[in-house]
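Some notes on the structure that comes next.
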Amino acid sequence: MRISNITGRSILLCGFGIALPLSADDLTLVDGASHLTGTVRSIDADGRVELSSPLSPEPLLLKADRIEKVEFSNGDTTEEPPSALVQLTNGDLLPATVESLDDRNLTITSPDAGRLEILRNHLTSAQFGIRPHEVLYSGPKSLNEWAGNWGDPNNWTFARGSLVANGPATAARKFTLPRQFILRFTLVWEAKEVPNFKVYFADPLTGKPQPCDRYYLQFGGAGLEIKREASEGRRYNPILQLNRTPNQYPDHELKVEIHVNRNDSRLQLFLNGEPEDKKADPISPVPDGSGITLICNAPSGNVQQIRDIEITEFDDSRVRHHSEERGNPQEDSLISREEDRWGGRLIDIGKTADGTVFRFKSDFRNDPLEIPETDVSTVFFASEEAGGSDGRQAPFVIRLRGEGSLRVTSCRFTQDTVSAIHPLLGPLELRRDGIVSMQRSNPEPNPAPEP
């Protein structure tokens with residue numbers, strides 16, 4: 001069993017005839033810093049967690065109000081999630097393959113929950129054509145790949161998958177970046193030290209000190225900001241400013257994710273998975289560079305790290321369609337991949353020799369439209385009927401692979417499965433290795449996630 005706290009981490013191993021699995025479940029307590037490691041056996045209707053641990057011959061019972069989050073150890077979960085994401089009226093999301101729809105039920109197949117029939121009035125929307133974003137870069141893997149022709153190896157070392165700076169240091173690398181991309185990285189600094197990071201992106205990497213068109217994120221003692229540097233006119237232009245100082249992160253690390261859409265000149269920032277507002281680039285034209293530059297400006301003796309750098313492709317059409325005005329909520333509506341929109345009634349979804357087809361009765365046509373699933377982006381379901389329990393009383397949220405989330409009232413775990421009760425779907429049998437984490441439920445339903 002591992003116990004950690006805000007000031008350090010100690011490890012205590014105790015056995016009683018069984019070995020702790022190589023990959024164990026990790027429980028975060030409500031202080032956000034303390035952890036317990038073992039194998040979760042059950043979570044009851046009151047939220048109590050039963051944990052098997054080598055620290056005790058009997059399972060430990062942990063009070064619900066002491067557990068903030070459980071992260072599950074998963075086996076081989078490299079299979080791709082389904083290409084559809086179904087949203088329920090309580091905000092829950094299920095990655096699934098859609099089999100059929102009639103007047104009463106939507107039938108889906110989930111790789112983690114099996115075959116389900118969902119009442120039509122328990123549905124909010126369904127999004128189609130979802131695919132994993134291609135990873136363009138994941139690293140760092142060495143210091144040389146970042147020093148190159150644009151960086152300076154002085155004050156940098158490479159250790160355990162991190163670029164480590166002891167004093168002022170710069171590293172850079174050129175990529176082939178698409179017009180839309182996602183940049184992720186984690187900033188790490190020492191306790192009682194003030195970090196000073198700057199990360200340029202869409203950087204032309206001119207190697208010269210003159211003004212150029214690019215973006216940068218800066219994080220230090222005064223907070224965090226994203227700015228636009230311009231080659232003409234005012235050189236530095238604020239895009240986003242946040243009063244998020246380092247002392248708000250007791251683990252001395254910050255996970256950053258930036259969605260860059262150079263097609264519509266917009267950026268969105270995520271900090272530790274939480275989204276900030278989308279912001280527009282105030283300068284035209286947008287930067288067309290393909291470089292990333294990493295800078296640590298702390299003085300010598302102040303060790304800082306940048307790790308978990310990842311660049312992926314980004315297609316925001318699904319999120320954009322889901323967030324746009326859906327039209328009359330008393331009727332179904334459908335948005336195609338080509339931006340066509342119809343209001344009316346989705347009559348059914350069925351299989352044909354050519355694949356899955358949506359039959360939609362539009363307000364402006366006498367005959368139903370027959371639309372292949374490959375042409376469908378988003379469907380919104382009419383909400384004229386009550387959708388049943390909203391699920392807010394469920395104490396925990398299960399996170400599934402492929403952006404899935406389910407509120408549940410109780411769970412029982414075996415080595416391979418999880419039996420759970422869902423307020424809308426009823427009893428569920430889930431694959432254990434499809435569950436990423438479980439945490440205490442938020443008071444409000446979660447919105448549809450970003451890709």
Side-chain angles (χ1 to χ4, degrees), residues 131-140 144-152 163 169-185 187 197-219 224-242 256-271 275-297 306 308-321 323 337-339 450-451:
R131 63 183 180 86
H133 295 133
E134 180 183 355
V135 177
L136 306 175
Y137 172 80
S138 181
N144 290 337
E145 69 175 359
W146 280 90
N149 296 325
W150 294 279
D152 180 357
L163 294 176
T170 300
R173 177 169 176 170
K174 190 172 185 178
F175 299 89
T176 301
L177 295 180
R179 294 286 293 174
Q180 299 179 90
F181 64 92
I182 298 173
L183 171 64
R184 300 181 179 93
F185 52 88
L187 307 175
F197 294 97
K198 185 178 287 188
V199 176
Y200 289 94
F201 50 101
D203 188 347
L205 296 177
T206 61
K208 300 176 182 180
Q210 77 265 20
C212 60
D213 292 301
R214 57 184 177 176
Y215 303 109
Y216 69 88
L217 176 142
Q218 184 166 286
F219 177 62
L224 183 147
E225 61 183 350
I226 293 180
K227 285 189 173 182
R228 163 73 143 88
E229 183 178 350
S231 58
E232 298 180 358
R234 182 180 178 183
R235 182 169 182 179
Y236 300 111
N237 302 271
I239 292 178
L240 178 69
Q241 294 179 310
L242 298 172
V256 177
E257 179 175 320
I258 307 170
H259 293 195
V260 182
N261 186 341
R262 293 188 279 193
N263 290 334
D264 66 2
S265 303
R266 289 189 177 275
L267 297 90
Q268 184 168 21
L269 174 69
F270 294 74
L271 298 178
E276 305 296 334
D277 290 339
K278 290 184 180 179
K279 296 294 182 180
D281 181 351
I283 309 299
S284 181
V286 298
D288 60 1
S290 292
I292 308 292
T293 301
L294 314 173
I295 299 176
C296 293
N297 284 323
I306 300 180
D308 302 331
I309 305 170
E310 184 178 87
I311 303 171
T312 63
E313 63 178 5
F314 174 41
D315 178 5
D316 75 333
S317 61
R318 176 172 62 87
V319 177
R320 177 164 45 84
H321 288 168
S323 63
R337 293 177 184 274
E338 300 300 323
E339 311 285 341
E450 295 293 331

Requested in this report: Evaluate the side-chain proximity of Phe175 to Ile311: yes if any heavy-atom separation is below 4.5 Å, no if none is.
Outcome: yes

Query raised in the report: Leu242: what forms a side-chain contact (heavy atoms from CB on, under 4.5 Å) with it, not counting sequence neighbours?
Result: Leu224, Leu240, Arg244, Leu269, Leu271, Glu276

Query raised in the report: Sequence neighbours excluded, which residues qualify as side chain to side chain donor-acceptor pair (under 3.5 Å) partners of Ser231?
Result: Asp213

Query raised in the report: Rounded to the nearest 0.5 Å, how far apart are NZ of Lys227 and CZ of Arg235?
Result: 11.5 Å

Report summary line: By ring-ring contact (aromatic ring centres under 6.0 Å, His included), Phe201 pairs with (sequence neighbours left out) Tyr215

Query raised in the report: Can you check whether Gln180 reaches Asn263 side chain to side chain, under 4.5 Å on heavy atoms?
Result: yes

Query raised in the report: side-chain contact (heavy atoms from CB on, under 4.5 Å) between Leu187 and Ile306: does it pass, once the steps are laid out?
Result: CA-CA 5 Å; Leu187 307 175; Ile306 300 180; 3.9 Å; yes

Query - Stepwise side-chain contact (heavy atoms from CB on, under 4.5 Å) test for Leu183 and Glu257 - result: CA-CA 6 Å; Leu183 171 64; Glu257 179 175 320; over 6 Å; no

**Report entry** Atom of Arg214, atom of Pro204 and distance for their closest heavy-atom approach
**Finding:** CB-CD, 4.1 Å

Query raised in the report: Would a line drawn from the ring center of Phe181 to the ring center of His259 be shorter than 6.0 Å?
Result: no

**Report entry** Worked check of side-chain contact (heavy atoms from CB on, under 4.5 Å) between Lys279 and Gln268
**Finding:** CA-CA 6 Å; Lys279 296 294 182 180; Gln268 184 168 21; over 6 Å; no

Query raised in the report: Can you tell me if Arg262 uses its side chain to pair, donor with acceptor, with the backbone of Pro178 under 3.5 Å?
Result: yes

Query - Atom of Asn261, atom of Asp264 and distance for their closest heavy-atom approach - result: CG-OD1, 3.1 Å

Query raised in the report: How many angstroms lie between atom NZ of Lys278 and atom CD1 of Ile239, to the nearest 0.5 angstrom?
Result: 14.5 Å

Listed pairs under 3.5 Å, donor-acceptor, residues 286-297 side chains, sequence neighbours left out:
from	atom 1	to	atom 2	distance (Å)
Thr293	OG1	Asp203	OD2	2.8

Query - Heavy atoms of other groups near Glu232 CD, more than 12 under 6.0 Å - result: no

Query raised in the report: Going by heavy atoms in the side chains, are Phe185 and Asp308 under 4.5 Å from each other?
Result: no

Query raised in the report: Of the non-hydrogen atoms in Ser284 and Arg228, which two are nearest, and what is the gap between them?
Result: N-NH2, 4.4 Å

Query raised in the report: What residues, two or more places apart in sequence or in another chain, satisfy side-chain contact (heavy atoms from CB on, under 4.5 Å) together with Pro140?
Result: Tyr137, Glu145, Trp146, Phe158, Leu163, Ile309

Query raised in the report: Quick one: does Arg179's side chain get under 4.5 Å of Phe314's, heavy atoms only?
Result: no

Query raised in the report: Mind checking whether Thr176 and Leu136 have side chains closer than 4.5 Å, heavy atoms only?
Result: no

Report summary line: Across all chains, not counting sequence neighbours, the ring-ring contact (aromatic ring centres under 6.0 Å, His included) partners of Tyr216 are Tyr200

Report summary line: Residue set satisfying side-chain contact (heavy atoms from CB on, under 4.5 Å) with Glu310, at least two apart, ordered chain then number -> Val135, Ser138, Arg184, Thr312

Report summary line: With sequence neighbours left out, the residues meeting side chain to side chain donor-acceptor pair (under 3.5 Å) with Arg234 are none

